[in-house]
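Below is one structure, written out as structure tokens; comments come after it.
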Amino acid sequence: HLENATIPRTPWQRVLAKFGLTQNALAKELGWHRSMVSRRMSSRTGLIDGADQIALLAVAKRLKVELKPEDLVVAFKK
């Protein structure tokens, strides 16, 4: 469905969309090798662990990107 293609489905996809960066650019902002972000983005569930959440929130604060708690967890359909 077209609507599913435009809405990021996993937490990592939502976060990347919020930053508006490429995977490579986000990796640089996080101080990570690009393969680390790529691996997380290609994960079927795209879950973000606690350490990654802390790193993402720090980068979001620095870049003035608004991340909400619901951006960092799996969104369940109502």
Side-chain angles (χ1 to χ4, degrees):
H1 294 87
L2 183 59
E3 64 192 35
N4 290 339
T6 59
I7 299 171
R9 294 169 286 159
T10 70
W12 270 104
Q13 291 170 346
R14 283 196 306 275
V15 167
L16 186 66
K18 282 261 186 158
F19 276 100
L21 299 172
T22 64
Q23 291 181 30
N24 191 39
L26 180 59
K28 284 182 182 179
E29 291 294 339
L30 289 165
W32 296 355
H33 189 273
R34 61 185 173 83
S35 66
M36 292 177 70
V37 172
S38 178
R39 224 174 294 131
R40 286 160 172 82
M41 291 296 297
S42 64
S43 165
R44 191 171 64 81
T45 60
L47 296 176
I48 303 173
D49 70 22
D52 290 355
Q53 288 182 13
I54 291 168
L56 288 165
L57 290 169
V59 171
K61 183 176 181 179
R62 189 176 76 242
L63 298 179
K64 297 180 179 23
V65 172
E66 184 181 352
L67 282 184
K68 298 177 183 175
E70 57 266 23
D71 296 325
L72 301 171
V73 296
V74 174
F76 293 101
K77 294 183 180 182
K78 294 179 183 180

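Proximity of a side-chain donor or acceptor of Lys18 to a complementary backbone N or O of Glu66 within less than 3.5 Å is detected. No donor-acceptor pair under 3.5 Å is formed between the side chain of Ser38 and the backbone N or O of Arg34. Checked by atom type and distance alone, the side chain of Arg9 never pairs as donor or acceptor with a backbone atom of Arg14 at under 3.5 Å.
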(request) Begin with the C-alpha distance, continue with both residues' side-chain angles, and end with the deciding distance and a verdict on side chain to side chain contact (heavy atoms under 4.5 Å, CB included) for Leu26 and Trp12. (result) CA-CA 11 Å; Leu26 180 59; Trp12 270 104; 4.2 Å; yes

(request) Verify side chain to side chain contact (heavy atoms under 4.5 Å, CB included) between Trp32 and Arg40, making sure each step is shown before the conclusion. (result) CA-CA 12 Å; Trp32 296 355; Arg40 286 160 172 82; 3.9 Å; yes

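With rounding to the nearest 0.5 angstrom, the NE2 atom of His33 is 9.0 Å from the CZ atom of Arg39. If you take OG on Ser42 and CD on Gln23, they are separated by 8.0 Å, rounding to the nearest 0.5 Å.
Of the residues listed (Val15, Leu30, Asp52), the one engaging Val37 in a side-chain contact (heavy atoms from CB on, under 4.5 Å) is Leu30, and it is the only one.
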Exercise answer: donor-acceptor pairs, residues 53-64 side-chain atoms, under 3.5 Å, sequence neighbours excluded:
from  : atom 1 : to    : atom 2 : distance (Å)
Gln53 : NE2    : Ile48 : O      : 3.1
Arg62 : NH2    : Glu29 : O      : 3.2
Arg62 : NH2    : Glu29 : OE1    : 2.5

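Asp71 has its side chain out of reach of Pro11: every pair of non-hydrogen atoms, C-beta onward, lies at least 4.5 Å apart. Between Val74 and Leu47, some side-chain heavy-atom pair lies under the 4.5 Å cut-off.
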